[in-house]
2 protein chains.
Amino acid sequence: MPSDRSEKREVSERILDAATRLFAERGFEATSLQSVADAVGIRKPSLLYHFPSKDELRKAVLDKLLSHWNQVLPKLLMAATSGREQFDAIIKETVAFFTADRDRARLLLREALDRPKEMRALIVGHVQPWADVVSNYIRRGREAGRVRADVDPEAYIVHAINLVVSSIATFDSIGALGTSKDRSGDDSDLRRHVDELVRVARASLFRQLEALGIAPREERDEAPSSTDDANAPTGS
Amino acid sequence: MPSDRSEKREVSERILDAATRLFAERGFEATSLQSVADAVGIRKPSLLYHFPSKDELRKAVLDKLLSHWNQVLPKLLMAATSGREQFDAIIKETVAFFTADRDRARLLLREALDRPKEMRALIVGHVQPWADVVSNYIRRGREAGRVRADVDPEAYIVHAINLVVSSIATFDSIGALGTSKDRSGDDSDLRRHVDELVRVARASLFRQLEALGIAPREERDEAPSSTDDANAPTGS
DNA sequence: GCATCTACCTACCACTTGGTAGGCAGGCAG
DNA sequence: CTGCCTGCCTACCAAGTGGTAGGTAGATGC
């Protein structure tokens, strides 16, 4: 067995990692402190020495995940260029964050189901400010004709987040539909899954102008907002 | 729906209802047989008389949900007209099914997280045949120019299902972003949420042709040929 | 009358749960 | 050396878990 689990690392860290994995896999209620202690290789009271209660352990796990996320997020928003590239950067980094460790997605989704009120508060605190930035960006894009006129910015963001988190979290189960049977590549299935996910998020936000080679003028969706030909989409 | 809490209704039915609600709300592991029995108003052994074990109760709850769904689904696919209307009918009915009782969405999502293998098997059995029909429809639409060229039909369906189920299941938590603070209307928030959800599903599938005043290559598309209908999903 | 079946009950079981009490080895400061 | 703190341990606890044993009131069938 993996006894060289790097005992150098602080025990608390190893507890957090094991708890994260088990909570994500089986859920909080279905995970006993005993099983976490076993995974770490210590006795249960030793675990409770580091985290005074099971609920404190849960909060610590969640905290670590959110702080990790909050560490990577601001960079994205600041490094944003403009137009679609900003969007691509954000969504691709988000997808990368959750695909790198799908337990993150599972954990968040479970929390959202188990403790909606608490999660709501956490989201309002952690994600709302960032979401406001993005929704302003969407509104500007809409005025400029880059973004579809019928997009509801706030609601769109909710669905985009949900799309990423949930589809990654449930890939093992719901993703069964999209997989090819013969193909051994679990990885290629996931890539295909994620590619389509990004496509859906993009396509439902932006207009299809380049694809049709049509400039954003006479449009039924929105009154031709004066002279906004300036910001032409980047040819690609 | 008659909220017949009286003793007239079969006890088994009342157990199933209570269990559905509690499993969806707190999760399977976090729900004790005692709490289900309390909700129904009977003793625990009486509950175990109707369902021989907790796991059998879970299966019965899941079965009832899926059979209900399988009862409404074939009608949709058969009553399909053509083009976008078929899509609209399917997605709107699906959304209606899950918004009518959000516990349905929560329950399915929880099962997907808790028992991915089992859920995968259930999906392959119950949803795969139907999904094949839809993906053929998407392929035809793509050839006809109605559907965007870059859609991955199988993967799209997965995301569409996921989008509906997950966003409805997590509305109370993740949906916090999209809600207006002053507005008391939980209902109008949900409607706005759902409207955008349908929009995302549509917009990421179809091309924007009408909006631009361009007619798609007129091509006759029809419901699945009657010979292929044999593989339609059947009840459990 | 009498046996049987259904639907429910009380009383109990073995086991697991989160959590506590208290002890013990070792590092380290005075 | 003593005294104290950290980190981990064994031993234990009350409460709750899923589940069983066995009994009983009432309806049904012969």
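What's counted below: heavy atoms across the whole structure, side chains too, no hydrogens, waters or symmetry copies. Quick note on labels: first sequence line is chain A, next is B, and so on, each numbered from 1.
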Electrostatic pair [X]-[Y], nearest N-O below 4.0 angstrom:
{"X": "A:R139", "Y": "A:E154", "answer": "yes"}
{"X": "B:K59", "Y": "B:E118", "answer": "no"}
{"X": "B:D152", "Y": "A:R199", "answer": "no"}
{"X": "B:D103", "Y": "B:R106", "answer": "yes"}
{"X": "A:D55", "Y": "A:R58", "answer": "yes"}
{"X": "B:R110", "Y": "A:D114", "answer": "yes"}

Could you tell me the separation between the [atom1] atom of [X] and the [atom2] atom of [N], rounded to a whole number of Å?
{"X": "B:R26", "N": "D:dG16", "atom1": "CZ", "atom2": "P", "value": "14 Å"}
{"X": "A:I42", "N": "D:dG7", "atom1": "CD1", "atom2": "C1'", "value": "10 Å"}
{"X": "A:L47", "N": "D:dT10", "atom1": "CG", "atom2": "P", "value": "14 Å"}

message: Both B:R43 and A:S32 contact DNA chain C. Which one's nearest nucleotide lies toward the 5' end?
response: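 The residue mapped nearer the 5' terminus is B:R43.
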query: Contact class for B:T31 (heavy atom, under 4.0 Å): base, sugar-phosphate, or nothing?
result: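 It contacts sugar-phosphate atoms only.
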query: Which part of the nucleic acid, if any, lies within reach of B:S46 when heavy atoms closer than 4.0 Å are counted: base, sugar-phosphate only, or nothing?
result: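 Base contact.
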message: Give the residues of residues 48-57 of chain B touching DNA chain D, defined as any heavy atom closer than 4.0 Å, sorted by residue number.
response: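 The stretch gives B:L48, B:S53, B:K54 as the residues lying under 4.0 Å from the strand, ordered by number.
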field: Interface limits on DNA chain C, where chain B has a heavy atom under 4.0 Å of a nucleotide atom
entry: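 Span of nucleotides near chain B: C:dT6 to C:dA11.
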- request: Name the orientation class of the two ring planes belonging to B:F28 and B:F23 (parallel below 30°, tilted from 30 to 60°, perpendicular beyond 60°).
  value: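 Plane angle over 60°, so perpendicular.
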Any side-chain donor near an acceptor of the partner, A:D63 and A:S67, under 3.5 Å: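 No, no side-chain donor-acceptor pair sits under 3.5 Å.
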